[in-house]
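Take a look at the structure set out below.
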Amino acid sequence: MTPDFSKELRRCNYLLSETESAYHEAASRLGLPESSLIVLYAICNEGTSCPLRDICRNAGVSKQTINSALRRLEKEGIVYLENTDGKNKTVFLTDEGQKLAGRTAAKVIAIENDIFGSWTKEDVNQYLALMERYLHDFRKRLQLLT
C-alpha cells in the first residue's frame with residue numbers, strides 16, 4: 001500500500017529537508033564536518049561544556065556519529081571529556097575549542113537569533129507554539145504504533 005501524502009505533509013517534509021540542507025551548508029561554509037558543528041553548537045548552547053548524553057540526545061544524529069566527531073575534535077585539541085559521575089561524561093571546550101566555536105557555531109547561533117529578532121514577538125511565539133504542539137501530538141500518536 002502506498003501512503004497518502006497530503007499537500008501539507010509534502011510541504012512540511014520539503015521544509016524540514018531544506019532546513020537540514022541549510023545547516024549542512026553552514027557547516028561546509030565554515031569548513032567543518034556537520035557532526036563537528038553539531039557538537040560545537042550543543043556545547044555553546046550550554047556554555048563551554050555539555051553532558052555527552054545531552055549532545056547525543058539533542059543532536060538528531062546517531063550516537064556513533066557524535067562519538068566519531070568527538071574523537072576527531074579531541075585529536076585536534078578542540079574538546080576534552082571528563083567523567084562526571086559513574087559512566088556519565090561531560091564534554092569541555094579547550095581554549096582552542098572556544099576560539100573555533102566562536103568562529104563557527106557562534107556565527108550560526110547569531111544568524112538564528114537575528115532571524116528571531118527580525119520577527120514580531122507574536123510570530124516567534126506562534127512558531128514555537130506550533131512546533132511544540134506538533135512534537136507533542138506526534139509523540140502521543142507514536143505511542144499507538146505497534
Side-chain angles (χ1 to χ4, degrees), residues 1 3 5 8-119 121 123-146:
M1 177 178 159
F5 283 85
E8 294 80 10
L9 180 56
R10 286 183 191 277
R11 183 171 178 209
C12 179
N13 289 336
Y14 168 78
L15 292 170
L16 288 172
S17 176
E18 287 297 307
T19 300
E20 286 181 30
S21 291
Y23 280 94
H24 177 78
E25 181 182 347
S28 180
R29 286 177 177 259
L30 294 167
L32 287 175
E34 188 172 7
S35 57
S36 294
L37 181 60
I38 288 169
V39 169
L40 293 172
Y41 187 101
I43 297 170
C44 286
N45 189 50
E46 298 295 320
T48 58
S49 68
C50 184
L52 176 56
R53 70 178 177 276
D54 291 353
I55 295 172
C56 292
R57 183 177 51 234
N58 298 326
V61 295
S62 73
K63 189 174 182 178
Q64 180 180 355
T65 298
I66 294 303
N67 285 326
S68 294
L70 285 171
R71 282 193 299 277
R72 183 174 48 253
L73 291 168
E74 270 187 302
K75 187 177 178 181
E76 296 170 358
I78 304 300
V79 301
Y80 64 95
L81 282 77
E82 285 186 5
N83 288 327
T84 47
D85 56 37
K87 45 187 169 167
N88 294 321
K89 294 182 179 180
T90 298
V91 183
F92 293 86
L93 290 173
T94 63
D95 289 340
E96 192 59 37
Q98 289 181 38
K99 291 174 189 172
L100 178 62
R103 294 190 309 267
T104 58
K107 288 184 177 183
V108 173
I109 293 166
I111 289 169
E112 294 168 327
N113 279 325
D114 285 347
I115 291 167
F116 281 134
S118 71
W119 293 2
K121 187 174 179 100
D123 285 346
V124 171
N125 289 337
Q126 182 179 17
Y127 177 75
L128 296 175
L130 288 170
M131 285 180 63
E132 189 172 4
R133 180 176 165 194
Y134 180 88
L135 177 60
H136 175 268
D137 290 350
F138 188 76
R139 283 187 171 150
K140 188 174 178 181
R141 285 168 174 77
L142 283 178
Q143 293 177 5
L144 302 174
L145 288 179
T146 55

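Everything quoted here is computed from the prediction, not taken from an experiment.
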task = Taking S21 for its side chain and S17 for its backbone only, find out whether a donor-acceptor pair lies under 3.5 Å.
result = yes
For the backbone of L93 and the side chain of T48, can you confirm whether one donor and one acceptor N or O come within less than 3.5 Å of each other?
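Not at all, since once roles are kept as given, no pair shorter than 3.5 Å links the two residues.
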To the nearest 0.5 Å, what is the distance between [atom1] ([X]) and [atom2] ([Y])?
X	Y	atom1	atom2	value
R103	L30	CZ	CG	10.0 Å
K107	C44	NZ	SG	13.0 Å
T104	Y41	OG1	OH	12.0 Å
H24	I38	NE2	CD1	10.5 Å
L40	L32	CG	CG	6.0 Å
E96	E76	CD	CD	10.0 Å

Side chains of S68 and T65, donor plus acceptor under 3.5 Å: no
Does a side-chain heavy-atom distance below 4.5 Å link [X] with [Y]?
X	Y	answer
Q64	N67	no
I78	V39	no
I66	L52	yes
P33	R72	yes

What's the shortest heavy-atom distance between [X] and [Y], and which atoms?
X	Y	result
Y23	E34	C-OE2, 4.3 Å
I115	S118	O-OG, 2.8 Å
C50	I55	SG-CG1, 3.7 Å
T84	K89	OG1-N, 3.9 Å

In terms of the angle between their ring planes, are F116 and W119 parallel, tilted or perpendicular, with boundaries placed at 30° and 60°? perpendicular
Problem - Step-by-step side-chain contact (heavy atoms from CB on, under 4.5 Å) determination, V79 to L70 - result: CA-CA 7 Å; V79 301; L70 285 171; 4.2 Å; yes
TODO: Would you indicate whether Q126, at its atom CD, is surrounded by more than 12 heavy atoms from other residues, nucleotides or ligands within a distance under 6.0 Å?
DONE: no
message: Tell me whether the count of non-hydrogen atoms from other residues, nucleotides or ligands lying under 6.0 Å of CG in N83 goes above 12.
response: yes
Sorted by chain and residue number, the salt bridge (Lys or Arg N to Asp or Glu O under 4.0 Å) partners of D54 (sequence neighbours excluded) come out as R57
For this session: Carefully, step by step, assess I43 and F92 under the rule side-chain contact (heavy atoms from CB on, under 4.5 Å).
Result: CA-CA 8 Å; I43 297 170; F92 293 86; over 6 Å; no
